[in-house]
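Structure first, then comments.
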Number of protein chains: 2
Amino acid sequence: MVTMGDVAKLSGVSKMTVSNVINDRAGVSDEVRRRVLEAIRQSGYRVNLSARTLRSGRTGVIGLAVPEIDRPYFGQLAAHVIAEARGRGFHVAIEQTGAAAAGEIDAISHSYTMQFDGLILSAVGIDPQDSRLTGGGYPIVMLGEQDFAARFDHVAMPNEEGAKAATTHLIDRGCRRIAMVTGDSLDGVNVVTRRHRGYLAGLAERGLDPDPALLFPVSGMTLESGREAAYRLVDSGREVDGVVAVSDTVAQGVFRGLADRGVRVPGDIRLVGYDDIPEAAYMVPSLSTVAPDHRWMAAKAVELVTARIQDPSRPAGEHTAPFELMVRESTR
Amino acid sequence: MVTMGDVAKLSGVSKMTVSNVINDRAGVSDEVRRRVLEAIRQSGYRVNLSARTLRSGRTGVIGLAVPEIDRPYFGQLAAHVIAEARGRGFHVAIEQTGAAAAGEIDAISHSYTMQFDGLILSAVGIDPQDSRLTGGGYPIVMLGEQDFAARFDHVAMPNEEGAKAATTHLIDRGCRRIAMVTGDSLDGVNVVTRRHRGYLAGLAERGLDPDPALLFPVSGMTLESGREAAYRLVDSGREVDGVVAVSDTVAQGVFRGLADRGVRVPGDIRLVGYDDIPEAAYMVPSLSTVAPDHRWMAAKAVELVTARIQDPSRPAGEHTAPFELMVRESTR
DNA sequence: TTGTACGCGTTATCAT
DNA sequence: ATGATAACGCGTACAA
């Protein structure tokens, strides 16, 4: 392995000067810089990041913990975060939490062990009151929907606002019996409960009474659980003319489930999702959905975590992404 | 920061003994081990991976370079690789190559710089003859379709076999004018050309003549390029009763494009994809497709790269995944 | 079974 | 503008 010392010897300078050249520090004459760069090229020298990290205490890596990387929403998020971090000279390491509180706690611990400089945690299961959840000065940015009470930097989605807009949109299209397909636990503050609140707020704003019988719980944010909820919806025999799904992926499942039962969208039931995953615009019918600004969220999260890396004591802030309601064929 | 020395002091032993306890080495009395573990717990000590890496030369990280992590196929692949690597005590760092040869070369160089112990490279653009493409003893496993001539361990998809099976399936369903929507370059050996060969082989096996006018090139493996190819297909006015798409994502785009032009699937045109992404089964109509065994591929790739990490001089091998043709509604 | 001394490759400090 | 020296925290060789 070629070390800095080898390069120094080759170009007839000290290790320190080589280091200065590599890190673009001032105080190196053009002539020496040229010689050193030439020696690096010739020798094929590469910086040893472990040594640098050992000395400097920084890895240049930001962790990104998501529930499952194979869900379109998180794949997109990851792509944006990677791009944004690269622009700031950071590398991104992806962790999977399995959408469980334990996995999320592990991710923090693991991030620390791996010596990531900071962590962006897309939290869905964790309880903000969890005693194991202590920043301890370690730069963590939360990306999710719990209420972290300013204990962490937090980038939130416009869950209530978005779900409310989706619901009033259905009503304005003529729907009166609007079901919601959403998570099975309506306790606490999370994606599921906040979108449910938005749904209720939407009904209220248009003077409709909520009907608890029109809530169809799913155990996970998956295609299959959406389909299965649609079966229950149809088989219940209840009159329904609109469905708000907690996410686009669930909406895709609901759509398939309705089709399996011979129910047409938007003819019999209008359907709206949340997330605006890329596939939404390409479904037939295309899916109306709430589109939070993903790039904005990724950029904000990276901005916050890098700022906190530089100054761990800065005050934490709460930030909510802008959104747009994408009206497409499924609510035509 | 708590170091090994602190733990040693706290438990009244030497650093070496602490190291022995941590790495589960023999020659430590139960009593001492207990004391050390207690001290570790109390102090909150964590191994410093940089120091360990600097000393041992190993990071315990495997790089996974994919074109774009926000494409469902690669998201799934990543999820499987991460799970498999975890089982072998490795961590996975994801890189994005942008589906370009330059990005793939960069990924190798970057993987090396980041001191990953090995790299799984999902290559789509690289030329196996590229002079910059030299393993140099660094453990690289190729996951893609080029012909690497045993210079690298290589996990391949059953591209020709799969595309051929898809094509004969269309013919057996009664199709006679079968178009293919595929990449725009039919040079070299890659996903595009191999699936195209499979398509030709399928036609040949059933005694149909290929018609070059039924090739509709796309510039990328995206939803949008699939849609746009469908427009060209319909607008060309050519008679077509079946379409083989180069991937499921492209097939989704084709399906949407056909719908935009009022062409029904499978009524007017039967459609088959490749990959079996999760969404395929949930489309309406559900998408018939070739399902390579993704988990098998991920497991094999991780197995190969870990084996090569242990023994860099082992002979390289070529491995092709098994597949299954998923017959669904789009070819009903 | 435990301890000592040194080296891994880099960077910070201080001196020249 | 450049160089010498000492750390960073861990693991290995060898000594006790």
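Proteins come first, then strands; the chains are lettered A, B, ... in the order of their sequence lines, and each starts at number 1. All values derive from a computational prediction rather than experimental measurement.
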Between E145(A) and N159(A): side-chain donor-acceptor atoms closer than 3.5 Å: yes

Under a 3.5 Å threshold, yes or no: a donor from one side chain and an acceptor from the other, between Q115(A) and S50(B)? yes

Crowding at CZ, R314(A) (>12 non-hydrogen neighbours, <6.0 Å): yes

Across the strands shown, which category fits R58(A) at heavy-atom distances under 4.0 angstrom: base, sugar-phosphate, nothing? nothing

Classify the nucleic acid contact of N23(B) as base, sugar-phosphate or nothing, counting any heavy atom under 4.0 Å across all strands shown. sugar-phosphate

Carboxylate-amine/guanidinium contact D24(B) R33(B), below 4.0 Å: yes

Ignoring backbone atoms, test whether R25(A) places a side-chain nitrogen or oxygen under 4.0 Å from the OP1 or OP2 oxygen of dA12(C). yes

Rounded distance (Å) that lies between atom C1' of dT1(C) and atom CZ of R33(B): 12 Å

Ionic contact status for E31(A) with R35(A), cut-off 4.0 Å: yes

What's the CD1-C1' distance between I22(A) and dT11(C), to the nearest Å? 11 Å

N/O contacts under 3.5 Å, protein versus nucleotides 4-9 of chain D?
| residue | atom | partner | partner atom | Å |
| --- | --- | --- | --- | --- |
| dA7(D) | N3 | R55(A) | NE | 3.3 |

Modelled atom types, side-chain donor and acceptor of T3(B) and Y45(B), under 3.5 Å: no

Side-chain N or O of T53(A) versus OP1/OP2 of dT10(C): is the shortest distance under 4.0 Å? no

Output yes when at least one side-chain N/O atom of S19(A) is less than 4.0 Å from OP1 or OP2 of dA12(C), else no. no

Can you find a side chain N or O atom of T17(A) that sits less than 4.0 Å from OP1 or OP2 on dG3(D)? yes

